[in-house]
Amino acid sequence: VATLSLYPIPIATADQVSSEICSGTTTSIDLTSNVPGTVFNWTFTANGVEGASSGSGSTISQVLTTEGYVSGTVVYEVTPTANECEGSPINLTVIVNPIPEATATPTSQTICSGETTLIELESNVANTTFAWTVSQTGVSGASAGSGEIISQTLTTTGNTTGTVVYSVIATANECSSLPVTVTITVNPGPVATATPSTQIICSGSTTDIDLTSNVAGTTFEWTVTQTGVTNASPGTGANISQTLQTSGTTPGSVIYNFTPTADGCEGDPIQVTVTVNPIPNVVANPSSQAICSGSTASISLSGNVAGTTFSWTVVQSGVTGAANGSGSVINQSLTATENSQGSATYTLTPTANGCPGPTTQASITVNPLSVGGSISPVSQVVCNGDATQQLVLSGNIGAVQRWEYSINGGATWIEIANTTNTYTPTSTQTTLFRAVVESGTCGEAFSNFAVVSVISATDVVATATPPAICECDPSTLTAD
């Protein structure tokens, strides 16, 4: 008796006939059959993939790796066997996609607050997409996103350097790379402050402008625009100390434009205007003057700068009435305190726009009033031809200008060229003499006059009436 066993042909079934995995990961293909106890054997054909091998079992679990940066394939041919009966083989295809590598250019960047990042993202695998997350410290404006360029405007939130770290992941065919980081350093933009923000100085004075910033280590550079001023110049530093001169008699100005820079970042420029006022002078007209006691000095003051004011102090000697003061005219009544010249010396100071100018002096000579004085002797009688007594002038105030004489009782006077206080007259007839005195410009004064009376000796002719008489008779003599 023959026994015939009839076994079914096994039919292989795979849970994944076609699958995709990422390079470096493990396949997981479960094999089943309609016949219990089926054994599965497989062979493979690989294209651009490493790690595949022939084998047997109910699961294909192999780590597959692409040989390059493009997708590869492995085709497994699985043959089921049960009770020595082989079933038809089935083909299982595994696509192995490469893991993309993300490249960021640059991998780090330093920018100034308010500027925009420019990070280009590339990969070794075609059709890669990029996504990033962000961690920011002391910075605003960074956000997670995707794309091939990270272009974001970043701003520091304080006065110190902030950072942004982008974590970038590349994905291709659902295979993601390890993250790469891109670090952005964001330097704050310095804000400059000038103290003072405006300044007014006098010509020849020196500026004193301090420059500070909210960012440590800021440097400053400036340019200048000057009008009616010399000696301003561009420069660098934290203080502007320049001696400025006006080029004329009107105020000039200098505009300094400052640019702060910190860690390569320029802040917004600021301006400081310096007004330079000219130094005034003073001109006294007249600068010296002679007046008579009791008269008023009049000195006009002027300057080369519009709006100049004038003040003065005074030193007086032998004079009263002078006083310190201010104005454009000195009008003061001065009186000599002695019988000799006095003086008042004014020291004049001009001031314009708060700028004092150099002092100058004006002097007043105060002459006492002229006094003619007295001549002695006031009278003398001499015979014609006899010597006269010297006339002496005393008590006069002022210098003798001349002597004068009159032979007609003072109706007219004739000058004598003599400027001393003594005079010895000569005369053949009765004559009046006087001295003419003048103190400075105070007008002439006359002394009293002295009289010199002159007596002349002459022959006398007498006529007798009657011309002949007898002894003891009378006769009258008449003199012609």
Side-chain angles (χ1 to χ4, degrees), residues 104-120 134-143 149-166 181-247 251-277 355:
T105 305
T107 57
S108 64
Q109 191 175 37
T110 299
I111 65 173
C112 299
S113 181
E115 292 183 343
T116 301
T117 62
L118 180 59
I119 308 296
E120 295 181 347
V134 66
S135 173
Q136 54 188 340
T137 303
V139 174
S140 64
S143 60
I149 295 177
I150 303 177
S151 178
Q152 296 184 340
T153 300
L154 307 181
T155 305
T156 54
T157 57
N159 299 328
T160 57
T161 298
T163 57
V164 175
V165 177
Y166 292 97
T181 58
V182 177
T183 301
I184 307 297
T185 301
V186 185
N187 291 318
V191 177
T193 300
T195 305
S197 58
T198 61
Q199 191 173 40
I200 300 175
I201 64 173
C202 299
S203 181
S205 298
T206 301
T207 60
D208 185 13
I209 302 171
D210 291 322
L211 304 175
T212 57
S213 170
N214 60 333
V215 178
T218 298
T219 60
F220 304 91
E221 183 176 7
W222 64 83
T223 59
V224 297
T225 302
Q226 53 187 338
T227 303
V229 174
T230 60
N231 297 338
S233 60
T236 59
N239 178 270
I240 300 179
S241 179
Q242 296 185 342
T243 300
L244 305 181
Q245 299 275 358
T246 53
S247 54
S253 66
V254 176
I255 298 175
Y256 291 95
N257 287 282
F258 304 100
T259 301
T261 302
D263 297 315
C265 296
E266 286 190 358
D268 292 332
I270 64 171
Q271 284 188 346
V272 172
T273 299
V274 178
T275 299
V276 185
N277 289 317
C355 297

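No hydrogens, no waters, no symmetry mates; every other heavy atom, side chains included, goes into these values.
- Asn257 has its side chain out of reach of Thr259: every pair of non-hydrogen atoms, C-beta onward, lies at least 4.5 Å apart.
- In this structure, CD on Gln271 lies 12.5 Å from OG1 on Thr198, to the nearest 0.5 angstrom.
- In this structure, a donor-acceptor pair under 3.5 Å is absent between the side chains of Gln109 and Thr117.
- With 3.5 Å as the limit, one finds a donor-acceptor pair spanning the side chains of Gln245 and Ser203.
- Scanning both residues, Gly237 and Leu211, for their nearest heavy atoms gives O-CD1, 3.6 Å.
- Rounding to the nearest 0.5 angstrom, the gap separating the OG atom in Ser253 from the CD1 atom in Ile200 is 11.5 Å.
- Looking at every heavy atom in both residues, Thr206 comes nearest to Ser241 through CG2-OG, 3.2 Å.
- If you take OG1 on Thr160 and CG on Asp263, they are separated by 10.5 Å, rounding to the nearest 0.5 Å.
- Between Thr230 and Ser247, the shortest heavy-atom distance links the atoms CG2-CB, 4.3 Å.
- Smallest separation of non-hydrogen atoms from Cys265 and Pro190: O-CD, 3.4 Å.
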> Which is it for Asn277 and Thr246 under the side chain to side chain contact (heavy atoms under 4.5 Å, CB included) test, yes or no, and what are the steps along the way?
Replying inline: CA-CA 7 Å; Asn277 289 317; Thr246 53; 6.0 Å; no
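- Counting all heavy atoms, side chain and backbone alike, Ser233 lies closest to Trp222 at O-NE1, 3.0 Å.
- Residues Ile240 and Phe258 meet the side-chain proximity criterion, which asks for heavy atoms closer than 4.5 Å.
- Within the 4.5 Å cutoff, side-chain heavy atoms of Thr161 are placed close to those of Pro188.
- Judged by distance alone, the side chain of Asn239 and the main-chain N or O of Ile209 form a donor-acceptor pair under 3.5 Å.
- Using a 4.5 Å cut-off on side-chain heavy atoms (C-beta onward), Val139 and Ile184 make no contact.
- Atom OG in Ser113 sits 9.0 Å away from atom CG in Asn187 (nearest 0.5 Å).
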>> I'd like to know whether Val229 forms a side chain to side chain contact (heavy atoms under 4.5 Å, CB included) with Asn231, so could you lay out the CA-CA distance, the side-chain angles of the two residues, the decisive distance to 0.1 Å, and finally the verdict.
In response: CA-CA 7 Å; Val229 174; Asn231 297 338; over 6 Å; no
>> Assess the residue pair Gln199 and Tyr256 against the criterion (side chain to side chain contact (heavy atoms under 4.5 Å, CB included)); give the C-alpha distance rounded to whole Å, side-chain angles, the decisive distance to 0.1 Å, and a yes or no.
In response: CA-CA 11 Å; Gln199 191 173 40; Tyr256 291 95; over 6 Å; no
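- Note that CZ of Phe220 and OG1 of Thr212 are 6.0 Å apart. Values are rounded to the nearest 0.5 Å.
- Here the closest non-hydrogen pair linking Val272 and Ala194 is CG2-CB, 3.2 Å.
- Shown are Thr218, Asn159, Asn214; of these, the side chain to side chain contact (heavy atoms under 4.5 Å, CB included) with Val191 is made only by Asn214.
- The structure places CD of Glu120 at 11.0 Å from CD1 of Ile150, a figure rounded to the nearest 0.5 Å.
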